[in-house]
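Comments concern the structure below.
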Number of protein chains: 2
Amino acid sequence: MDEIKTTDAEVEIAGTGTLGKAMAVLEAVVTAGSPQRFTDIVQSIGQPRGTVHRLLSHLVEEGLLVQGRDLSYEPGLRLLKLAYRSWSGNRFRDIAEPHLLRLHELTGETVHLGVLRETEIIYVDKVESRQTVRMSSQIGKASPAYCTGIGKAALSSLPQPELDRIAAKMTFHPFTAHTHRSAAALLAEIDEIRREGHAFDREEHEAEICCVAAPIAIPEHDLVAGVSVTGPAYRVNMAQLAAWADVVRGAAGKIEEEVRMRLGPGRNGR
Amino acid sequence: MDEIKTTDAEVEIAGTGTLGKAMAVLEAVVTAGSPQRFTDIVQSIGQPRGTVHRLLSHLVEEGLLVQGRDLSYEPGLRLLKLAYRSWSGNRFRDIAEPHLLRLHELTGETVHLGVLRETEIIYVDKVESRQTVRMSSQIGKASPAYCTGIGKAALSSLPQPELDRIAAKMTFHPFTAHTHRSAAALLAEIDEIRREGHAFDREEHEAEICCVAAPIAIPEHDLVAGVSVTGPAYRVNMAQLAAWADVVRGAAGKIEEEVRMRLGPGRNGR
DNA sequence: GATGGAAGTTCCATTATGTGGATCTATGTT
DNA sequence: AACATAGATCCACATAATGGAACTTCCATC
(Lines give C-alpha, C1' and ligand atoms only; values in the text may rest on other atoms or scores of the structure.)
Protein backbone atom coordinates (compact mmCIF):
# COMPACT_ATOMS: atom_id res chain seq x y z
CA MET A 1 0.00 0.00 0.00
CA ASP A 2 2.62 2.46 1.08
CA GLU A 3 5.18 0.88 -1.17
CA ILE A 4 6.26 3.93 -3.06
CA LYS A 5 9.88 3.08 -2.59
CA THR A 6 11.67 3.10 -5.90
CA THR A 7 15.25 2.30 -5.03
CA ASP A 8 16.69 1.23 -1.72
CA ALA A 9 17.56 4.70 -0.55
CA GLU A 10 20.02 4.25 2.25
CA VAL A 11 18.50 5.68 5.37
CA GLU A 12 20.01 8.81 6.84
CA ILE A 13 21.37 8.10 10.29
CA ALA A 14 20.88 10.83 12.87
CA GLY A 15 23.29 12.10 15.48
CA THR A 16 21.75 9.95 18.15
CA GLY A 17 24.40 7.28 18.06
CA THR A 18 23.40 3.72 18.63
CA LEU A 19 19.81 4.58 19.44
CA GLY A 20 19.43 6.36 16.12
CA LYS A 21 20.71 3.38 14.22
CA ALA A 22 18.47 1.03 16.13
CA MET A 23 15.47 3.23 15.44
CA ALA A 24 16.35 3.37 11.75
CA VAL A 25 16.35 -0.42 11.67
CA LEU A 26 13.10 -0.58 13.62
CA GLU A 27 11.43 1.92 11.36
CA ALA A 28 12.66 0.12 8.27
CA VAL A 29 11.00 -3.09 9.43
CA VAL A 30 7.84 -1.46 10.71
CA THR A 31 7.17 0.73 7.69
CA ALA A 32 7.86 -2.08 5.24
CA GLY A 33 4.43 -3.48 5.97
CA SER A 34 5.46 -7.05 5.39
CA PRO A 35 7.88 -9.36 7.20
CA GLN A 36 11.40 -8.32 6.33
CA ARG A 37 14.29 -10.65 5.97
CA PHE A 38 17.80 -9.99 7.14
CA THR A 39 19.15 -9.19 3.71
CA ASP A 40 16.27 -6.81 2.89
CA ILE A 41 16.99 -4.88 6.03
CA VAL A 42 20.72 -4.73 5.46
CA GLN A 43 20.08 -3.25 2.04
CA SER A 44 17.55 -0.66 3.08
CA ILE A 45 19.70 0.47 5.99
CA GLY A 46 23.04 0.46 4.25
CA GLN A 47 24.96 -0.55 7.33
CA PRO A 48 27.35 -3.51 7.62
CA ARG A 49 25.81 -6.91 8.16
CA GLY A 50 27.40 -7.50 11.52
CA THR A 51 26.06 -4.27 12.90
CA VAL A 52 22.56 -4.74 11.57
CA HIS A 53 22.49 -8.25 12.89
CA ARG A 54 23.31 -7.17 16.42
CA LEU A 55 20.83 -4.31 16.30
CA LEU A 56 18.13 -6.73 15.19
CA SER A 57 18.95 -9.15 18.00
CA HIS A 58 18.69 -6.38 20.52
CA LEU A 59 15.42 -5.12 19.08
CA VAL A 60 14.01 -8.63 19.25
CA GLU A 61 15.26 -9.11 22.78
CA GLU A 62 13.53 -5.88 23.73
CA GLY A 63 10.25 -7.01 22.19
CA LEU A 64 10.17 -4.21 19.64
CA LEU A 65 10.46 -6.74 16.86
CA VAL A 66 9.62 -10.40 16.69
CA GLN A 67 11.43 -12.92 14.57
CA GLY A 68 9.33 -15.61 12.93
CA ARG A 69 10.43 -19.15 12.33
CA ASP A 70 11.25 -18.26 8.75
CA LEU A 71 13.75 -15.81 10.26
CA SER A 72 11.86 -12.78 9.04
CA TYR A 73 11.31 -9.77 11.29
CA GLU A 74 7.98 -8.12 12.16
CA PRO A 75 6.84 -5.38 14.54
CA GLY A 76 6.55 -6.59 18.11
CA LEU A 77 3.76 -6.14 20.58
CA ARG A 78 5.76 -3.86 22.80
CA LEU A 79 5.18 -1.11 20.27
CA LEU A 80 1.44 -1.39 20.78
CA LYS A 81 1.86 -1.31 24.51
CA LEU A 82 4.03 1.79 24.40
CA ALA A 83 1.60 3.52 22.07
CA TYR A 84 -1.37 2.70 24.25
CA ARG A 85 0.19 4.50 27.14
CA SER A 86 1.08 7.32 24.85
CA TRP A 87 -2.38 7.66 23.35
CA SER A 88 -4.50 7.14 26.41
CA GLY A 89 -2.53 9.69 28.39
CA ASN A 90 -2.61 12.34 25.70
CA ARG A 91 -4.15 15.39 27.28
CA PHE A 92 -4.41 17.29 24.02
CA ARG A 93 -6.62 14.59 22.56
CA ASP A 94 -8.73 14.41 25.70
CA ILE A 95 -9.40 18.11 25.61
CA ALA A 96 -10.16 18.15 21.92
CA GLU A 97 -12.49 15.21 21.86
CA PRO A 98 -15.80 16.82 22.89
CA HIS A 99 -15.25 19.44 20.23
CA LEU A 100 -14.66 16.76 17.63
CA LEU A 101 -17.88 15.05 18.61
CA ARG A 102 -19.80 18.30 18.31
CA LEU A 103 -18.27 18.94 14.92
CA HIS A 104 -19.30 15.49 13.82
CA GLU A 105 -22.87 16.09 14.99
CA LEU A 106 -23.02 19.35 13.10
CA THR A 107 -21.70 17.99 9.83
CA GLY A 108 -22.43 14.29 9.88
CA GLU A 109 -19.08 13.61 8.26
CA THR A 110 -15.80 12.17 9.48
CA VAL A 111 -13.79 14.42 11.78
CA HIS A 112 -10.04 14.09 12.19
CA LEU A 113 -7.57 15.51 14.66
CA GLY A 114 -3.94 15.48 13.58
CA VAL A 115 -0.65 16.81 14.89
CA LEU A 116 2.22 18.06 12.76
CA ARG A 117 5.53 16.32 13.18
CA GLU A 118 8.09 17.75 10.79
CA THR A 119 6.75 16.98 7.30
CA GLU A 120 4.03 14.63 8.44
CA ILE A 121 0.60 14.78 10.01
CA ILE A 122 -0.03 12.11 12.58
CA TYR A 123 -3.68 11.41 13.29
CA VAL A 124 -4.44 11.23 16.97
CA ASP A 125 -8.22 10.99 16.89
CA LYS A 126 -11.05 10.35 14.52
CA VAL A 127 -14.83 10.45 14.75
CA GLU A 128 -16.39 8.42 12.00
CA SER A 129 -19.49 9.05 10.00
CA ARG A 130 -20.66 5.48 9.58
CA GLN A 131 -20.58 3.64 12.85
CA THR A 132 -18.15 0.96 11.92
CA VAL A 133 -17.59 -1.58 14.59
CA ARG A 134 -13.91 -1.64 13.87
CA MET A 135 -11.41 0.28 15.85
CA SER A 136 -10.91 3.60 14.29
CA SER A 137 -8.47 2.57 11.69
CA GLN A 138 -6.26 5.56 11.39
CA ILE A 139 -5.06 6.52 14.82
CA GLY A 140 -1.32 6.84 14.56
CA LYS A 141 -1.38 6.93 10.79
CA ALA A 142 1.09 9.36 9.28
CA SER A 143 0.28 11.26 6.10
CA PRO A 144 2.33 13.88 4.27
CA ALA A 145 1.47 17.41 5.36
CA TYR A 146 1.59 18.94 1.87
CA CYS A 147 -1.42 17.09 0.51
CA THR A 148 -3.80 16.93 3.44
CA GLY A 149 -6.13 19.59 4.75
CA ILE A 150 -4.92 19.29 8.31
CA GLY A 151 -1.35 19.30 7.11
CA LYS A 152 -1.65 22.48 5.12
CA ALA A 153 -3.67 24.17 7.86
CA ALA A 154 -1.07 23.24 10.44
CA LEU A 155 1.78 24.42 8.23
CA SER A 156 0.03 27.73 7.75
CA SER A 157 0.32 28.49 11.44
CA LEU A 158 4.09 28.11 11.50
CA PRO A 159 6.42 31.09 11.45
CA GLN A 160 7.84 31.53 7.96
CA PRO A 161 11.41 30.38 8.69
CA GLU A 162 10.16 27.17 10.28
CA LEU A 163 7.78 26.61 7.37
CA ASP A 164 10.62 27.09 4.91
CA ARG A 165 12.84 24.68 6.79
CA ILE A 166 10.17 21.98 6.77
CA ALA A 167 9.11 22.59 3.18
CA ALA A 168 12.71 22.09 2.11
CA LYS A 169 12.65 18.61 3.59
CA MET A 170 9.57 17.46 1.70
CA THR A 171 9.46 15.22 -1.31
CA PHE A 172 6.38 15.83 -3.39
CA HIS A 173 4.87 12.58 -4.40
CA PRO A 174 2.02 13.02 -6.92
CA PHE A 175 -0.74 10.98 -5.28
CA THR A 176 -3.46 12.39 -7.55
CA ALA A 177 -3.77 14.86 -10.39
CA HIS A 178 -4.38 17.62 -7.84
CA THR A 179 -1.40 17.01 -5.58
CA HIS A 180 1.09 19.87 -5.25
CA ARG A 181 4.26 19.01 -7.10
CA SER A 182 6.59 21.61 -5.65
CA ALA A 183 7.36 23.58 -2.54
CA ALA A 184 6.61 26.76 -4.46
CA ALA A 185 3.05 25.66 -5.24
CA LEU A 186 2.54 24.59 -1.64
CA LEU A 187 3.90 27.82 -0.19
CA ALA A 188 1.69 29.87 -2.48
CA GLU A 189 -1.36 28.04 -1.18
CA ILE A 190 -0.17 28.40 2.41
CA ASP A 191 -0.20 32.17 1.93
CA GLU A 192 -3.81 32.00 0.92
CA ILE A 193 -4.66 29.67 3.81
CA ARG A 194 -3.15 32.15 6.22
CA ARG A 195 -5.49 34.83 4.93
CA GLU A 196 -8.57 32.59 4.92
CA GLY A 197 -7.89 30.79 8.18
CA HIS A 198 -8.78 27.40 6.74
CA ALA A 199 -7.48 24.89 4.21
CA PHE A 200 -9.09 22.56 1.72
CA ASP A 201 -7.98 19.20 0.47
CA ARG A 202 -9.29 19.03 -3.09
CA GLU A 203 -8.68 15.33 -3.73
CA GLU A 204 -4.96 15.92 -3.31
CA HIS A 205 -4.13 12.83 -1.29
CA GLU A 206 -6.82 10.41 -2.35
CA ALA A 207 -9.12 10.66 -5.32
CA GLU A 208 -12.75 11.33 -4.39
CA ILE A 209 -11.84 12.49 -0.89
CA CYS A 210 -12.13 16.15 0.10
CA CYS A 211 -11.88 18.02 3.34
CA VAL A 212 -11.86 21.38 5.02
CA ALA A 213 -9.47 21.95 7.92
CA ALA A 214 -8.41 24.63 10.38
CA PRO A 215 -5.19 25.06 12.32
CA ILE A 216 -4.67 24.70 16.05
CA ALA A 217 -1.45 26.28 17.21
CA ILE A 218 -0.19 26.35 20.77
CA PRO A 219 3.36 27.60 20.37
CA GLU A 220 3.99 27.69 24.11
CA HIS A 221 3.74 23.92 24.02
CA ASP A 222 5.36 23.45 20.61
CA LEU A 223 2.10 22.01 19.37
CA VAL A 224 0.95 22.58 15.82
CA ALA A 225 -2.13 20.64 14.84
CA GLY A 226 -5.40 20.78 12.97
CA VAL A 227 -9.00 19.56 12.78
CA SER A 228 -10.81 18.59 9.63
CA VAL A 229 -14.14 17.46 8.30
CA THR A 230 -13.75 14.95 5.50
CA GLY A 231 -16.15 13.43 3.05
CA PRO A 232 -16.43 11.75 -0.33
CA ALA A 233 -16.46 14.18 -3.23
CA TYR A 234 -19.81 12.95 -4.57
CA ARG A 235 -21.55 13.87 -1.34
CA VAL A 236 -19.46 16.76 -0.10
CA ASN A 237 -18.81 19.32 -2.81
CA MET A 238 -16.66 22.41 -2.47
CA ALA A 239 -19.66 24.63 -1.71
CA GLN A 240 -20.59 22.39 1.18
CA LEU A 241 -17.02 22.37 2.48
CA ALA A 242 -16.81 26.15 2.22
CA ALA A 243 -20.04 26.39 4.20
CA TRP A 244 -18.48 24.27 6.95
CA ALA A 245 -15.31 26.33 7.11
CA ASP A 246 -16.72 28.55 9.83
CA VAL A 247 -17.68 25.77 12.21
CA VAL A 248 -14.38 24.03 11.65
CA ARG A 249 -12.47 27.22 12.40
CA GLY A 250 -14.73 27.72 15.39
CA ALA A 251 -13.99 24.25 16.74
CA ALA A 252 -10.26 24.75 16.21
CA GLY A 253 -10.44 28.04 18.07
CA LYS A 254 -12.30 26.49 20.98
CA ILE A 255 -9.83 23.64 21.22
CA GLU A 256 -6.94 26.05 21.12
CA GLU A 257 -8.48 28.18 23.84
CA GLU A 258 -9.28 25.26 26.09
CA VAL A 259 -5.88 23.69 25.68
CA ARG A 260 -4.28 27.00 26.62
CA MET A 261 -6.48 27.20 29.68
CA ARG A 262 -6.02 23.64 30.87
CA LEU A 263 -2.41 23.02 29.94
CA GLY A 264 -1.34 26.35 31.36
CA PRO A 265 1.39 28.60 30.13
CA GLY A 266 4.72 27.15 29.17
CA ARG A 267 7.95 28.02 30.84
CA ASN A 268 8.48 31.79 31.09
CA GLY A 269 4.98 32.24 29.79
CA ARG A 270 6.50 32.56 26.33
CA MET B 1 -4.59 4.56 37.52
CA ASP B 2 -1.88 1.98 37.21
CA GLU B 3 0.14 3.61 39.93
CA ILE B 4 0.76 0.58 42.07
CA LYS B 5 4.40 1.38 42.46
CA THR B 6 5.31 1.47 46.12
CA THR B 7 8.97 2.36 46.15
CA ASP B 8 11.16 3.43 43.30
CA ALA B 9 12.33 -0.02 42.38
CA GLU B 10 15.40 0.45 40.25
CA VAL B 11 14.67 -0.97 36.86
CA GLU B 12 16.48 -4.10 35.80
CA ILE B 13 18.64 -3.36 32.76
CA ALA B 14 18.80 -6.10 30.16
CA GLY B 15 21.76 -7.33 28.20
CA THR B 16 20.87 -5.18 25.25
CA GLY B 17 23.44 -2.52 25.92
CA THR B 18 22.61 1.05 25.17
CA LEU B 19 19.32 0.19 23.54
CA GLY B 20 18.17 -1.61 26.66
CA LYS B 21 18.93 1.37 28.84
CA ALA B 22 17.22 3.73 26.43
CA MET B 23 14.14 1.52 26.39
CA ALA B 24 14.11 1.39 30.17
CA VAL B 25 14.10 5.16 30.26
CA LEU B 26 11.42 5.34 27.60
CA GLU B 27 9.24 2.84 29.38
CA ALA B 28 9.70 4.64 32.68
CA VAL B 29 8.38 7.84 31.17
CA VAL B 30 5.62 6.24 29.15
CA THR B 31 4.22 4.04 31.91
CA ALA B 32 4.29 6.83 34.47
CA GLY B 33 1.14 8.24 32.93
CA SER B 34 2.03 11.82 33.75
CA PRO B 35 4.82 14.10 32.60
CA GLN B 36 8.03 13.04 34.29
CA ARG B 37 10.74 15.35 35.38
CA PHE B 38 14.42 14.68 35.08
CA THR B 39 14.91 13.83 38.72
CA ASP B 40 11.93 11.47 38.80
CA ILE B 41 13.39 9.57 35.91
CA VAL B 42 16.88 9.42 37.36
CA GLN B 43 15.44 7.92 40.52
CA SER B 44 13.24 5.33 38.89
CA ILE B 45 16.02 4.23 36.57
CA GLY B 46 18.87 4.21 39.05
CA GLN B 47 21.49 5.27 36.51
CA PRO B 48 23.87 8.20 36.79
CA ARG B 49 22.50 11.62 35.93
CA GLY B 50 24.83 12.26 33.04
CA THR B 51 23.86 9.01 31.38
CA VAL B 52 20.14 9.46 31.85
CA HIS B 53 20.36 12.97 30.56
CA ARG B 54 21.99 11.91 27.33
CA LEU B 55 19.56 9.05 26.83
CA LEU B 56 16.68 11.46 27.29
CA SER B 57 18.13 13.90 24.77
CA HIS B 58 18.49 11.14 22.24
CA LEU B 59 14.97 9.88 22.86
CA VAL B 60 13.65 13.40 22.37
CA GLU B 61 15.71 13.88 19.24
CA GLU B 62 14.27 10.65 17.88
CA GLY B 63 10.71 11.78 18.61
CA LEU B 64 10.02 8.98 21.05
CA LEU B 65 9.65 11.50 23.84
CA VAL B 66 8.81 15.17 23.81
CA GLN B 67 10.05 17.66 26.33
CA GLY B 68 7.64 20.38 27.41
CA ARG B 69 8.60 23.90 28.27
CA ASP B 70 8.47 23.01 31.95
CA LEU B 71 11.25 20.54 31.09
CA SER B 72 9.12 17.50 31.79
CA TYR B 73 9.12 14.51 29.46
CA GLU B 74 6.11 12.88 27.81
CA PRO B 75 5.56 10.16 25.22
CA GLY B 76 6.16 11.37 21.69
CA LEU B 77 4.07 10.95 18.59
CA ARG B 78 6.53 8.66 16.92
CA LEU B 79 5.34 5.91 19.22
CA LEU B 80 1.84 6.23 17.79
CA LYS B 81 3.17 6.14 14.29
CA LEU B 82 5.21 3.01 14.94
CA ALA B 83 2.27 1.33 16.60
CA TYR B 84 -0.07 2.18 13.76
CA ARG B 85 2.15 0.38 11.32
CA SER B 86 2.42 -2.47 13.74
CA TRP B 87 -1.31 -2.76 14.35
CA SER B 88 -2.58 -2.21 10.84
CA GLY B 89 -0.22 -4.78 9.44
CA ASN B 90 -1.00 -7.44 12.00
CA ARG B 91 -2.15 -10.46 10.08
CA PHE B 92 -3.26 -12.35 13.15
CA ARG B 93 -5.72 -9.61 14.02
CA ASP B 94 -6.95 -9.39 10.44
CA ILE B 95 -7.69 -13.07 10.33
CA ALA B 96 -9.37 -13.11 13.72
CA GLU B 97 -11.59 -10.12 13.20
CA PRO B 98 -14.56 -11.66 11.37
CA HIS B 99 -14.74 -14.30 14.06
CA LEU B 100 -14.78 -11.62 16.74
CA LEU B 101 -17.62 -9.85 14.97
CA ARG B 102 -19.61 -13.07 14.77
CA LEU B 103 -19.01 -13.73 18.44
CA HIS B 104 -20.22 -10.26 19.23
CA GLU B 105 -23.38 -10.80 17.20
CA LEU B 106 -24.07 -14.05 18.98
CA THR B 107 -23.61 -12.71 22.49
CA GLY B 108 -24.24 -8.99 22.25
CA GLU B 109 -21.39 -8.36 24.68
CA THR B 110 -17.88 -6.99 24.33
CA VAL B 111 -15.39 -9.29 22.63
CA HIS B 112 -11.64 -9.03 23.17
CA LEU B 113 -8.64 -10.50 21.41
CA GLY B 114 -5.40 -10.54 23.36
CA VAL B 115 -1.91 -11.92 22.94
CA LEU B 116 0.31 -13.22 25.71
CA ARG B 117 3.66 -11.55 26.15
CA GLU B 118 5.51 -13.03 29.10
CA THR B 119 3.32 -12.24 32.14
CA GLU B 120 1.02 -9.83 30.37
CA ILE B 121 -1.90 -9.92 27.99
CA ILE B 122 -1.81 -7.24 25.34
CA TYR B 123 -5.14 -6.48 23.74
CA VAL B 124 -4.96 -6.28 19.98
CA ASP B 125 -8.63 -5.98 19.12
CA LYS B 126 -11.98 -5.29 20.69
CA VAL B 127 -15.56 -5.31 19.48
CA GLU B 128 -17.74 -3.25 21.73
CA SER B 129 -21.27 -3.80 22.87
CA ARG B 130 -22.45 -0.24 22.86
CA GLN B 131 -21.45 1.50 19.69
CA THR B 132 -19.38 4.20 21.22
CA VAL B 133 -18.10 6.71 18.75
CA ARG B 134 -14.74 6.74 20.48
CA MET B 135 -11.82 4.78 19.30
CA SER B 136 -11.72 1.47 20.96
CA SER B 137 -10.00 2.48 24.09
CA GLN B 138 -8.02 -0.57 24.93
CA ILE B 139 -5.98 -1.56 21.92
CA GLY B 140 -2.46 -1.94 23.15
CA LYS B 141 -3.46 -2.03 26.77
CA ALA B 142 -1.49 -4.50 28.84
CA SER B 143 -3.14 -6.39 31.70
CA PRO B 144 -1.67 -9.05 33.96
CA ALA B 145 -2.30 -12.56 32.69
CA TYR B 146 -3.09 -14.10 36.09
CA CYS B 147 -6.33 -12.19 36.64
CA THR B 148 -7.88 -11.98 33.21
CA GLY B 149 -9.86 -14.59 31.35
CA ILE B 150 -7.76 -14.32 28.21
CA GLY B 151 -4.61 -14.39 30.28
CA LYS B 152 -5.48 -17.58 32.09
CA ALA B 153 -6.77 -19.21 28.93
CA ALA B 154 -3.57 -18.34 27.10
CA LEU B 155 -1.40 -19.57 29.95
CA SER B 156 -3.29 -22.87 29.97
CA SER B 157 -2.08 -23.61 26.47
CA LEU B 158 1.58 -23.31 27.36
CA PRO B 159 3.77 -26.34 27.98
CA GLN B 160 4.23 -26.83 31.71
CA PRO B 161 7.90 -25.72 31.93
CA GLU B 162 7.17 -22.51 30.09
CA LEU B 163 4.13 -21.90 32.31
CA ASP B 164 6.24 -22.43 35.41
CA ARG B 165 8.91 -20.05 34.18
CA ILE B 166 6.40 -17.30 33.51
CA ALA B 167 4.43 -17.89 36.72
CA ALA B 168 7.66 -17.47 38.67
CA LYS B 169 8.06 -13.98 37.24
CA MET B 170 4.61 -12.77 38.30
CA THR B 171 3.79 -10.54 41.20
CA PHE B 172 0.25 -11.09 42.42
CA HIS B 173 -1.41 -7.79 43.03
CA PRO B 174 -4.82 -8.19 44.74
CA PHE B 175 -7.01 -6.09 42.45
CA THR B 176 -10.26 -7.43 43.95
CA ALA B 177 -11.35 -9.87 46.63
CA HIS B 178 -11.34 -12.62 43.99
CA THR B 179 -7.86 -12.11 42.55
CA HIS B 180 -5.44 -15.01 42.84
CA ARG B 181 -2.80 -14.21 45.44
CA SER B 182 -0.23 -16.86 44.60
CA ALA B 183 1.25 -18.86 41.79
CA ALA B 184 -0.04 -22.02 43.44
CA ALA B 185 -3.65 -20.84 43.29
CA LEU B 186 -3.20 -19.76 39.69
CA LEU B 187 -1.58 -23.01 38.63
CA ALA B 188 -4.34 -25.02 40.26
CA GLU B 189 -6.93 -23.13 38.23
CA ILE B 190 -4.86 -23.52 35.08
CA ASP B 191 -5.07 -27.29 35.51
CA GLU B 192 -8.83 -27.05 35.58
CA ILE B 193 -8.86 -24.70 32.57
CA ARG B 194 -6.84 -27.21 30.61
CA ARG B 195 -9.49 -29.85 31.26
CA GLU B 196 -12.43 -27.57 30.47
CA GLY B 197 -10.89 -25.75 27.52
CA HIS B 198 -12.05 -22.34 28.70
CA ALA B 199 -11.39 -19.86 31.49
CA PHE B 200 -13.56 -17.50 33.51
CA ASP B 201 -12.74 -14.17 35.03
CA ARG B 202 -14.91 -13.94 38.12
CA GLU B 203 -14.40 -10.27 38.93
CA GLU B 204 -10.71 -10.94 39.45
CA HIS B 205 -9.32 -7.87 37.73
CA GLU B 206 -12.14 -5.40 38.08
CA ALA B 207 -15.16 -5.58 40.34
CA GLU B 208 -18.44 -6.21 38.52
CA ILE B 209 -16.69 -7.38 35.37
CA CYS B 210 -16.79 -11.03 34.34
CA CYS B 211 -15.77 -12.92 31.26
CA VAL B 212 -15.36 -16.27 29.61
CA ALA B 213 -12.33 -16.89 27.42
CA ALA B 214 -10.74 -19.59 25.30
CA PRO B 215 -7.12 -20.09 24.23
CA ILE B 216 -5.66 -19.75 20.75
CA ALA B 217 -2.28 -21.38 20.45
CA ILE B 218 -0.15 -21.47 17.33
CA PRO B 219 3.16 -22.78 18.62
CA GLU B 220 4.73 -22.88 15.17
CA HIS B 221 4.53 -19.09 15.20
CA ASP B 222 5.24 -18.65 18.90
CA LEU B 223 1.79 -17.17 19.27
CA VAL B 224 -0.24 -17.72 22.41
CA ALA B 225 -3.44 -15.72 22.61
CA GLY B 226 -7.09 -15.80 23.56
CA VAL B 227 -10.58 -14.51 22.86
CA SER B 228 -13.12 -13.50 25.44
CA VAL B 229 -16.67 -12.32 25.89
CA THR B 230 -16.96 -9.81 28.71
CA GLY B 231 -19.87 -8.25 30.46
CA PRO B 232 -20.97 -6.54 33.67
CA ALA B 233 -21.80 -8.97 36.47
CA TYR B 234 -25.34 -7.66 36.93
CA ARG B 235 -26.21 -8.54 33.35
CA VAL B 236 -23.94 -11.48 32.66
CA ASN B 237 -24.05 -14.07 35.42
CA MET B 238 -21.94 -17.20 35.63
CA ALA B 239 -24.69 -19.36 34.15
CA GLN B 240 -24.81 -17.11 31.12
CA LEU B 241 -21.04 -17.16 30.76
CA ALA B 242 -20.97 -20.94 31.06
CA ALA B 243 -23.59 -21.12 28.33
CA TRP B 244 -21.36 -19.05 26.07
CA ALA B 245 -18.27 -21.16 26.70
CA ASP B 246 -18.99 -23.37 23.71
CA VAL B 247 -19.26 -20.56 21.18
CA VAL B 248 -16.17 -18.89 22.57
CA ARG B 249 -14.21 -22.13 22.30
CA GLY B 250 -15.62 -22.56 18.83
CA ALA B 251 -14.50 -19.11 17.73
CA ALA B 252 -11.05 -19.69 19.19
CA GLY B 253 -10.82 -22.99 17.34
CA LYS B 254 -11.84 -21.40 14.06
CA ILE B 255 -9.33 -18.59 14.45
CA GLU B 256 -6.60 -21.07 15.28
CA GLU B 257 -7.43 -23.15 12.25
CA GLU B 258 -7.60 -20.23 9.88
CA VAL B 259 -4.37 -18.72 11.14
CA ARG B 260 -2.65 -22.08 10.62
CA MET B 261 -4.02 -22.23 7.11
CA ARG B 262 -3.20 -18.69 6.09
CA LEU B 263 0.09 -18.12 7.86
CA GLY B 264 1.38 -21.47 6.78
CA PRO B 265 3.71 -23.76 8.67
CA GLY B 266 6.73 -22.35 10.42
CA ARG B 267 10.26 -23.32 9.56
CA ASN B 268 10.80 -27.08 9.52
CA GLY B 269 7.07 -27.50 9.84
CA ARG B 270 7.62 -27.76 13.59
C1' DG C 1 17.65 41.80 46.60
C1' DA C 2 20.86 38.78 48.64
C1' DT C 3 21.44 33.80 50.13
C1' DG C 4 20.81 28.83 50.00
C1' DG C 5 19.39 25.02 47.84
C1' DA C 6 17.45 22.15 44.45
C1' DA C 7 16.94 20.93 39.58
C1' DG C 8 18.87 20.70 35.24
C1' DT C 9 22.88 20.93 32.03
C1' DT C 10 27.56 20.53 30.41
C1' DC C 11 32.24 18.77 30.47
C1' DC C 12 35.86 15.39 29.68
C1' DA C 13 39.26 11.69 30.87
C1' DT C 14 38.35 6.79 31.01
C1' DT C 15 36.95 2.63 29.13
C1' DA C 16 33.27 -0.15 27.95
C1' DT C 17 30.63 -0.98 23.86
C1' DG C 18 29.49 -1.03 19.38
C1' DT C 19 31.73 -1.62 14.85
C1' DG C 20 32.27 -4.15 10.58
C1' DG C 21 35.24 -7.04 7.68
C1' DA C 22 36.12 -11.78 7.53
C1' DT C 23 34.90 -16.35 8.53
C1' DC C 24 31.92 -20.05 9.56
C1' DT C 25 27.41 -22.72 9.39
C1' DA C 26 23.01 -24.08 7.76
C1' DT C 27 19.63 -24.39 4.23
C1' DG C 28 17.98 -25.46 -0.19
C1' DT C 29 19.03 -25.67 -5.35
C1' DT C 30 20.86 -27.59 -9.75
C1' DA D 1 27.46 -34.20 -4.35
C1' DA D 2 28.73 -29.64 -5.32
C1' DC D 3 27.23 -25.12 -5.33
C1' DA D 4 24.86 -21.00 -4.02
C1' DT D 5 22.54 -18.24 -0.88
C1' DA D 6 21.22 -16.45 3.52
C1' DG D 7 22.12 -16.02 8.19
C1' DA D 8 25.10 -16.29 12.40
C1' DT D 9 29.46 -15.66 14.69
C1' DC D 10 33.99 -13.78 15.75
C1' DC D 11 37.34 -10.46 17.27
C1' DA D 12 41.00 -6.61 16.75
C1' DC D 13 39.93 -1.92 16.65
C1' DA D 14 38.04 2.66 17.29
C1' DT D 15 34.20 5.10 18.27
C1' DA D 16 30.78 6.38 21.28
C1' DA D 17 28.81 5.76 25.90
C1' DT D 18 30.02 6.44 30.69
C1' DG D 19 29.57 8.88 35.06
C1' DG D 20 31.77 11.84 38.52
C1' DA D 21 32.26 16.56 39.09
C1' DA D 22 31.79 21.26 38.03
C1' DC D 23 28.66 24.69 36.34
C1' DT D 24 24.39 27.29 35.51
C1' DT D 25 19.63 28.43 36.21
C1' DC D 26 15.68 28.88 38.71
C1' DC D 27 13.05 29.61 42.77
C1' DA D 28 11.99 29.96 47.70
C1' DT D 29 13.16 32.21 51.92
C1' DC D 30 14.84 35.65 54.77
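Lettering follows sequence order; numbering is per chain, from 1.
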Need one value for B:R37: base, sugar-phosphate or nothing, where a base atom within 4.0 Å counts as base even if backbone is also close, heavy atoms only.
sugar-phosphate

Once you apply a heavy-atom cut-off of 4.0 Å, does A:T18 come out as touching a base, just sugar-phosphate, or nothing?
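Touches sugar-phosphate only.
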
Using atom [atom1] of [X] as one end and atom [atom2] of [N] as the other, report the distance to the nearest whole Å.
X	N	atom1	atom2	answer
B:H53	C:dT10	NE2	C1'	8 Å
A:L71	C:dT25	CG	C1'	13 Å
A:F38	D:dG7	CZ	C1'	7 Å
B:R54	C:dG8	CZ	P	18 Å
A:L55	C:dG18	CG	P	9 Å
B:H58	C:dG18	NE2	C1'	14 Å
A:I41	D:dA8	CD1	C1'	14 Å
A:K21	D:dT15	NZ	P	11 Å

Tell me if the side-chain of B:R49 makes a donor-acceptor pair with the base of D:dG20, cut-off 3.5 Å, by modelled atom types.
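Between D:dG20 and B:R49, which were checked side chain against base, a qualifying N/O pair under 3.5 Å is absent.
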
Apply the side chain to side chain contact (heavy atoms under 4.5 Å, CB included) test between A:Y123 and each candidate in A:T148, A:V115, A:I139; give the one that qualifies.
A:T148

Which atom pair, heavy atoms only, marks the closest approach of [X] to [Y]?
X	Y	result
A:L113	A:A96	CD2-CB, 3.6 Å
B:A154	B:L116	CB-CB, 4.1 Å
B:R78	B:G63	CB-O, 3.2 Å

Taking only the side-chain nitrogens and oxygens of [X], find out if one of them lies under 4.0 Å from OP1 or OP2 of [N].
X	N	result
B:T51	D:dA17	no
A:T39	D:dG7	yes
A:Q47	C:dG20	yes

B:G50 or A:L19: which one's nearest nucleotide on DNA chain D is closer to the 5' end?
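This one resolves to A:L19.
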
For the residue pair A:Q36 / A:Y73, report whether a side-chain donor-acceptor contact shorter than 3.5 Å exists.
no

